[in-house]
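Take a look at the structure below.
Everything numeric in this text was worked out from a predicted model, so none of it was measured. Just the heavy atoms: all of them, side chains too, but no hydrogens, waters or symmetry mates, feed the values below.
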Amino acid sequence: MTFKYDTNWVVITGAPSSGKTSVIEELAKRGYPIQTEIARELIEEAQRHGMTLAEVRGAGYVQELQEKILRFKLGRERALDTQKLVFSDRGVPDSIVYFGLAGLGRDLAVEASRIFKYRAVFMLDRLPLVKDGVRSENDAQAENIGAQILADYRSLGYEPVAVPVMPIPARVDFILQKLGAPSQ
């Protein structure tokens with residue numbers, strides 16, 4: 001797999017309700033630069049403008065939403081220093097599965113995933129599914145999304161590191177230890 005740019009960025013990914021946001025927040029508390037999940041931000045913004053979760057996830061908006069998520073994610077990444085250690089709540093390759101679920105062709109998301117090569121990808125093991133106003137998946141769907149995310153990263157040449165279920169500080173310590181980064 002050929003990428004245009006190598007980076008020092010680290011992706012925290014996994015199925016819905018795997019603790020990604022909590023891990024990212026803990027990394028931020030420890031002083032590491034982070035990128036929050038764009039999908040969550042855009043869904044919450046649409047809800048603030050009066051859309052229901054069903055409308056956001058519905059056929060009339062979901063394709064536009066997925067394209068916007070990809071555009072915003074690429075825009076954020078283009079603004080980052082490729083040499084700086086940055087932790088991201090999901091990476092561009094996460095869009096591959098969501099493009100497929102939205103009925104979009106996956107090619108655009110695959111091609112976008114070949115721009116920046118991440119230093120490492122950490123795949124968080126699932127926690128019990130918690131509905132939170134942004135998630136709409138059931139357990140089976142969440143499990144399927146997680147499996148597809150793993151397969152998509154592997155198809156791009158990554159070997160995601162599995163992060164077992166444990167308290168959030170221990171998960172962060174595990175990730176930092178694998179990277180050889182200080183616990184701060």
Side-chain angles (χ1 to χ4, degrees), residues 1-28 30 32-44 62 65-102 104-127 134-135 137 142-163 168 171-172 174-176 178-181:
M1 180 66 48
T2 304
F3 294 89
K4 291 183 182 177
Y5 306 99
D6 286 341
T7 74
N8 198 29
W9 309 334
V10 176
V11 171
I12 307 298
T13 192
S17 201
S18 58
K20 296 176 299 296
T21 301
S22 297
V23 166
I24 287 290
E25 289 170 352
E26 178 68 18
L27 285 160
R30 295 187 189 195
Y32 285 99
I34 61 147
Q35 294 290 306
T36 56
E37 185 182 12
I38 290 172
R40 178 172 291 279
E41 293 172 23
L42 291 175
I43 291 168
E44 288 173 349
V62 72
L65 174 66
Q66 291 307 319
E67 290 170 345
K68 188 184 277 190
I69 290 167
L70 182 59
R71 238 185 358 267
F72 279 41
K73 182 68 175 167
L74 284 172
R76 277 191 184 174
E77 288 190 352
R78 285 186 178 109
L80 292 174
D81 179 345
T82 59
Q83 299 310 305
K84 187 174 182 178
L85 176 61
V86 177
F87 291 89
S88 292
D89 188 337
R90 296 204 179 275
V92 171
D94 287 66
S95 288
I96 298 170
V97 65
Y98 288 102
F99 264 54
L101 291 171
L104 296 166
R106 296 166 43 105
D107 292 347
L108 181 63
V110 170
E111 192 59 36
S113 297
R114 294 181 178 143
I115 297 172
F116 295 105
K117 183 175 190 260
Y118 304 115
R119 171 182 173 183
V121 176
F122 289 89
M123 182 88 178
L124 303 183
D125 286 350
R126 280 194 57 221
L127 299 168
V134 173
R135 287 188 196 101
E137 301 86 6
E143 189 68 32
N144 182 49
I145 289 169
Q148 287 184 43
I149 288 170
L150 180 60
D152 290 337
Y153 274 97
R154 285 183 172 160
S155 75
L156 293 166
Y158 294 102
E159 274 306 317
V161 176
V163 180
I168 296 301
R171 279 181 144 186
V172 170
F174 176 89
I175 291 166
L176 294 174
K178 291 286 185 189
L179 292 170

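- Counting all heavy atoms, side chain and backbone alike, Val10 lies closest to Leu85 at CG2-CD1, 3.7 Å.
- The two residues Asp94 and Val97 have their closest heavy-atom pair at O-CG1, 3.3 Å.
- Among the candidates Lys73, Lys68, Arg76, the single residue satisfying the salt bridge (Lys or Arg N to Asp or Glu O under 4.0 Å) test with Glu41 is Arg76.
- The shortest non-hydrogen separation linking Ser18 to Thr13 is OG-O, 4.5 Å.
- Leu80 CG to Arg78 CZ: the interatomic distance, rounded to the nearest 0.5 Å, is 11.5 Å.
- The aromatic rings of Phe87 and Tyr32 stand perpendicular to each other, their planes meeting at an angle above 60°, with 30° marking the opposite boundary.
- To the nearest 0.5 Å, the span separating NZ on Lys117 from OG1 on Thr82 amounts to 13.0 Å.
- Side-chain contact between Leu176 and Arg30: present, with at least one pair of heavy atoms (C-beta onward) separated by less than 4.5 Å.
- In this structure, the side chain of Lys20 engages the main chain of Ala15 through a donor-acceptor pair within 3.5 Å.
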Check: residues 119-127 side-chain donor-acceptor pairs under 3.5 Å, at least two apart:
unit_1: Arg119; atom_1: NH1; unit_2: Asn8; atom_2: OD1; d: 3.1
unit_1: Arg119; atom_1: NH2; unit_2: Leu179; atom_2: O; d: 2.8
unit_1: Arg126; atom_1: NH1; unit_2: Glu143; atom_2: OE1; d: 2.9
unit_1: Arg126; atom_1: NH2; unit_2: Asp139; atom_2: OD1; d: 2.8

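- When all heavy atoms of Gly19 and Arg171 are compared, the closest pair comes out as CA-NH1, 4.1 Å.
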Inset, instruction - Report the C-alpha distance between Thr21 and Asp89 in whole Å, list the side-chain angles of each, state the deciding distance to 0.1 Å, and finish with yes or no for side-chain hydrogen bond (donor to acceptor under 3.5 Å, both in side chains). - result: CA-CA 7 Å; Thr21 301; Asp89 188 337; 3.1 Å; yes

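- For the pair Arg90/Ile12, no side-chain contact is recorded, criterion being any heavy-atom separation below 4.5 Å from C-beta on.
- No donor-acceptor pair under 3.5 Å is formed between the side chain of Tyr158 and the backbone N or O of Leu150.
- For the pair Leu70/Phe99, a side-chain contact is recorded, criterion being any heavy-atom separation below 4.5 Å from C-beta on.
- The two residues Pro16 and Ile145 come nearest to each other via the heavy atoms CD-CG2, 3.8 Å.
- In this structure, the side chains of Tyr118 and Pro93 come closer than 4.5 Å at one or more pairs of heavy atoms.
- Here the OH-CG distance, from Tyr98 to Asp152, works out to 11.0 Å after rounding to the nearest 0.5 Å.
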Inset, instruction - Carefully, step by step, assess Ile96 and Ser113 under the rule side-chain contact (heavy atoms from CB on, under 4.5 Å). - result: CA-CA 8 Å; Ile96 298 170; Ser113 297; 3.8 Å; yes

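- Ring-plane geometry between Trp9 and Phe116 is classed as tilted, the angle between the planes lying from 30 to 60 degrees on a 0 to 90 degree scale.
- Of the charged side-chain nitrogens involved, none lies within less than 4.0 Å of a carboxylate oxygen, so that Glu67 and Arg71 do not count as a salt-bridged pair.
- Using a 4.5 Å cut-off on side-chain heavy atoms (C-beta onward), Ile115 and Val92 make no contact.
- You'll find the side chain of Val86 stays beyond 4.5 Å of the side chain of Thr7, heavy atoms only.
- Smallest separation of non-hydrogen atoms from Ala112 and Leu74: CB-CD1, 3.7 Å.
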